[in-house]
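This report concerns only the one structure given below.
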Amino acid sequence: MQLRSITPCLLLLLLAACHKSPDAGTAPLPHYDLTPASNARYLTDFAAKPGVIKTQDGLEYRVIKSGAGKAPQSGADMVTVKYKGMLINGKVFDETGRGPPRTFPAGALIPGWVEALSLMKEGDEWELAIPSDLGYGPDGAGGNIPGNQTLVFDMTLVTVAPAQ
């Protein structure tokens, strides 16, 4: 059948039948606000994802990609990381983006990062859910992070340099 012989109505029906809405076949994403109840629900939902590990003090992480390089040996080691930090509502509060990775002393960060980095190796890419008590706690951080917030990070440990 040639395209010329298809009536405009039939063509419209064929096109409509082939079109799928962007969310067809997918469940809607849960909505999280910054309330204490929503923070607790986020941590519960994150822990239920396949492959998530929860440490004794509440850090939750999921390995996206495993590395095989060096691991930090002390808090004085310098770690170079790429990351994106978000609140549970999706608001990005800090990230390396397309810029260069950032370097920090492994032990001079929020407790959730210190713990995660102590478990990581160079090349590891992890998704972290850091409860408030392992983040900035009730005080928050500046105007970007309110108090008592779960922090979500996509983090890659690029390199580890021994303390000098």
Side-chain angles (χ1 to χ4, degrees), residues 20-67 69-72 74-161:
K20 291 183 180 178
S21 64
D23 61 338
T26 62
L29 294 174
H31 172 74
Y32 300 102
D33 56 34
L34 302 182
T35 62
S38 201
N39 274 269
R41 185 168 48 96
Y42 182 89
L43 288 168
T44 299
D45 291 349
F46 187 86
K49 287 182 177 182
V52 169
I53 298 166
K54 185 174 181 178
T55 66
Q56 189 171 2
D57 63 353
L59 172 69
E60 298 177 11
Y61 67 93
R62 184 167 61 124
V63 176
I64 306 301
K65 179 182 160 196
S66 291
K70 297 179 291 195
S74 82
D77 288 348
M78 299 300 288
V79 292
T80 301
V81 294
K82 288 192 78 72
Y83 65 89
K84 179 177 179 179
M86 299 160 282
L87 299 174
I88 62 169
N89 65 0
K91 179 184 174 202
V92 175
F93 58 81
D94 192 16
E95 68 180 317
T96 53
R98 296 182 190 260
R102 295 196 184 131
T103 302
F104 307 100
L109 303 160
I110 60 172
W113 265 47
V114 171
E115 182 178 3
L117 287 166
S118 74
L119 301 169
M120 295 177 81
K121 296 179 184 154
E122 290 173 330
D124 276 352
E125 181 181 334
W126 289 10
E127 182 181 17
L128 307 173
I130 300 175
S132 173
D133 61 329
L134 298 177
Y136 293 104
D139 295 332
N144 287 333
I145 303 171
N148 298 313
Q149 294 303 305
T150 298
L151 306 176
V152 181
F153 285 94
D154 294 328
M155 185 165 71
T156 301
L157 178 56
V158 179
T159 61
V160 175

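Along the sequence shown, the residues carry numbers beginning at 1. Note that the coordinates shown come from a computational prediction; the quantities given were computed from them, not determined experimentally.
Using a distance-only test at 3.5 Å, with no hydrogens or angles considered, a donor-acceptor pair links the side chain of E122 to the main chain of K70. In this structure, the side chain of E125 does not engage the main chain of I64 through any donor-acceptor pair within 3.5 Å.
For K54, the NZ atom sits in a loose shell: 12 or fewer heavy atoms of surrounding residues, nucleotides or ligands are nearer than 6.0 Å.
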> When you look at V79 and L157, which way does the side chain to side chain contact (heavy atoms under 4.5 Å, CB included) test go after all the steps?
Replying inline: CA-CA 7 Å; V79 292; L157 178 56; 3.8 Å; yes
The test is side chain to side chain contact (heavy atoms under 4.5 Å, CB included); show your working for L117 and F104 and say whether it passes.
CA-CA 11 Å; L117 287 166; F104 307 100; over 6 Å; no
* To do: Take L59 and I130 through the side chain to side chain contact (heavy atoms under 4.5 Å, CB included) test and state the conclusion after the steps.
  => CA-CA 5 Å; L59 172 69; I130 300 175; 3.7 Å; yes
For this session: Take D45 and Y32 through the side chain to side chain contact (heavy atoms under 4.5 Å, CB included) test and state the conclusion after the steps.
Result: CA-CA 11 Å; D45 291 349; Y32 300 102; 2.6 Å; yes
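Residues F46 and V152 form no side-chain contact, since every pair of their non-hydrogen atoms from C-beta on lies 4.5 Å or further apart. I53 places none of its side-chain heavy atoms less than 4.5 Å from the side chain of L119. Inter-residue side-chain proximity for T96 and V81 is flagged as unmet; no heavy-atom pair is nearer than 4.5 Å. Taking 4.5 Å as the limit, every side-chain heavy atom of M78 sits out of range of all side-chain heavy atoms of T80. Looking at heavy atoms from C-beta onward, I88 lies in side-chain contact with S38 at the 4.5 angstrom threshold. Contact annotation: the side chain of L34 approaches that of N89 to within less than 4.5 Å [non-hydrogen atoms, C-beta and beyond]. Residues P36 and N148 fail the side-chain proximity criterion, which asks for heavy atoms closer than 4.5 Å. Proximity of T156 to P101: side-chain heavy atoms (C-beta onward) are nowhere separated by under 4.5 Å.
A distance of 12.0 Å separates CD of Q149 from OH of Y42, quoted to the nearest 0.5 Å. Atom CE in M155 sits 15.5 Å away from atom NZ in K84 (nearest 0.5 Å).
Screening L128, V52, D124 against Y61 for a side chain to side chain contact (heavy atoms under 4.5 Å, CB included) leaves a single residue, L128.
Residues satisfying the side chain to side chain donor-acceptor pair (under 3.5 Å) test with D57, not counting sequence neighbours, are T55.
Within the structure, ring-ring contact (aromatic ring centres under 6.0 Å, His included) contacts touching residues 77-100 (residues at least two apart or in different chains) are Y83-W113, F93-F153.
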